[in-house]
Amino acid sequence: MLKSQYISQIDVIIDIMKIQIITLFPDMFPGVLQASMLWKAQDKGIVSYEFINLRDFGLGPRHQVDDTPYGGGDGMLLKPEPIIAAIEQAKARDPEATVILPTPRGETYKQSDAKHLAADNRGLIIVCPRYEGYDERITKWVDSSYRIGNYVLTGGELPAMVIIDSVVRLLPGVLGGENSAAIESFQDDDLNIEFPQYTRPEDFRGLKVPDVLLSGNHAEIAKWRQQKSR
Ligand code: ADE
């Protein structure tokens with residue numbers, strides 16, 4: 001279907017949410033962003049994904065982006081100058097955008113954060129750190145730092161994809177079912193884990209669909225689902 005046909009199906013004209021990703025590894029993203037809902041959201045004109053290669057802002061002939069830590073220690077840290085220059089370029093394109101830094105030292109990322117980012121409908125600038133870390137001074141240019149879980153990954157690219165996925169699916173017009181984003185699990189960050197669901201066949205290798213779901217009794221089904229939600 002043509003992009004213009006998609007757009008005509010959306011009742012309101014929606015501003016495109018610009019998502020700018022600052023990374024040394026833009027090649028990590030296409031597989032995720034060009035599939036399923038994330039791709040459709042772009043195709044429908046709801047979001048745009050743009051990559052800013054941090055290496056382009058590296059210093060000197062070798063485009064240096066990292067350096068050794070003051071005070072000693074293992075590994076290299078991302079220098080502030082290239083990152084801030086990249087953020088400034090992204091901000092020049094989208095001055096109102098929220099700057100996000102995925103880091104194990106951030107606040108735990110929650111469904112309510114995804115909801116706020118989606119509801120704000122401001123652009124996002126996601127800075128993906130690599131190596132052993134970054135110069136702390138870059139946080140002065142960052143609005144929110146998030147940890148996506150209590151484990152350490154090799155960089156911010158996977159957390160950036162998690163954040164993008166969780167926000168984009170909540171944007172108006174992305175999910176097919178009107179209510180699917182609203183009624184699902186983790187609605188309010190509590191442990192409201194969704195009820196179990198079943199589809200055909202009724203009997204799979206002796207594992208049967210609960211009778212109540214076949215009963216057609218909507219009140220009983222609603223009660224059962226309520227009980228099964230944790
Ligand atoms: N970078 C490395 N590990 C991370 C995590 N768990 N969350 C966010 N950013 C990270």
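Just so it is clear, the values below take in all heavy atoms, side chains as well, and ignore hydrogens, waters and symmetry mates. We count ligands from 1, going down the list as the structure has it; atoms in each ligand are counted the same way. Since the structure is predicted, the reported quantities are computational estimates derived from the model, not experimental observations.
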Practice task
Examine ligand 1 and decide if any of its atoms is less than 4.0 Å from a heavy atom belonging to Y146.
Solution key: yes
Problem - Residue from L78, I21, I22 passing side-chain contact (heavy atoms from CB on, under 4.5 Å) with C128 - result: I21
Handout entry: Closest approach of any protein heavy atom to atom 1 (N) of ligand 1, naming residue and atom
Key = P104 CD, 3.5 Å
Practice task
Answer yes or no: does an N/O atom from V152 fall short of 3.5 Å to an N/O atom of ligand 1?
Solution key: no
Practice task
Evaluate whether atom CD of Q227 has more than 12 neighbouring non-hydrogen atoms of other residues, nucleotides or ligands under 6.0 angstrom away.
Solution key: yes
Exercise for the section: Could you tell me if any non-hydrogen atom of G106 lies under 4.0 Å from any atom of ligand 1? Expected result: no
Exercise for the section: List every atom of ligand 1 that sits less than 4.0 Å from any heavy atom of P159, numbering the atoms from 1 in the order shown and giving each element. Expected result: 8 (C), 9 (N), 10 (C)
Practice task
Give yes or no for whether the N/O distance cutoff of 3.5 Å, strictly under, is met between G149 and ligand 1.
Solution key: yes
Completion exercise
the protein heavy atom lying closest to atom 7 (N) of ligand 1 turns out to be I148 N, 3.0 Å
Completion exercise
Within the 4.0 Å heavy-atom cut-off, what T103 brings close to ligand 1 is backbone
Exercise for the section: Consider every N or O of Y151 and every N or O of ligand 1, then say whether any pair is closer than 3.5 Å. Expected result: yes
Exercise for the section: Return yes or no for this condition: an N or O of L153 is under 3.5 Å from an N or O of ligand 1. Expected result: yes
Practice task
Please name the pair of heavy atoms, one in I125 and one in A90, separated by the smallest distance, quoted to 0.1 Å.
Solution key: CD1-CB, 3.6 Å
Exercise for the section: Determine yes or no for a side-chain-to-main-chain donor-acceptor pair under 3.5 angstrom, with S36 supplying the side chain and L38 the backbone. Expected result: no
Practice task
Give a yes or no on whether a salt bridge exists between E220 and K223, defined as a side-chain N under 4.0 angstrom from a carboxylate O.
Solution key: yes
Exercise for the section: Indicate the atoms forming the closest heavy-atom contact of K91 with V99, along with that distance. Expected result: CE-CG2, 3.7 Å
Problem - Per-atom contacts of ligand 1 with R147, taking only distances under 4.0 Å to non-hydrogen atoms - result: 7 (N), 8 (C)
Problem - Centroid-centroid distance, F29 to Y49, less than 6.0 Å - result: no
Exercise for the section: List the steps, then state whether side-chain contact (heavy atoms from CB on, under 4.5 Å) holds for R169 with D165. Expected result: CA-CA 6 Å; R169 63 188 291 284; D165 189 292; 3.7 Å; yes
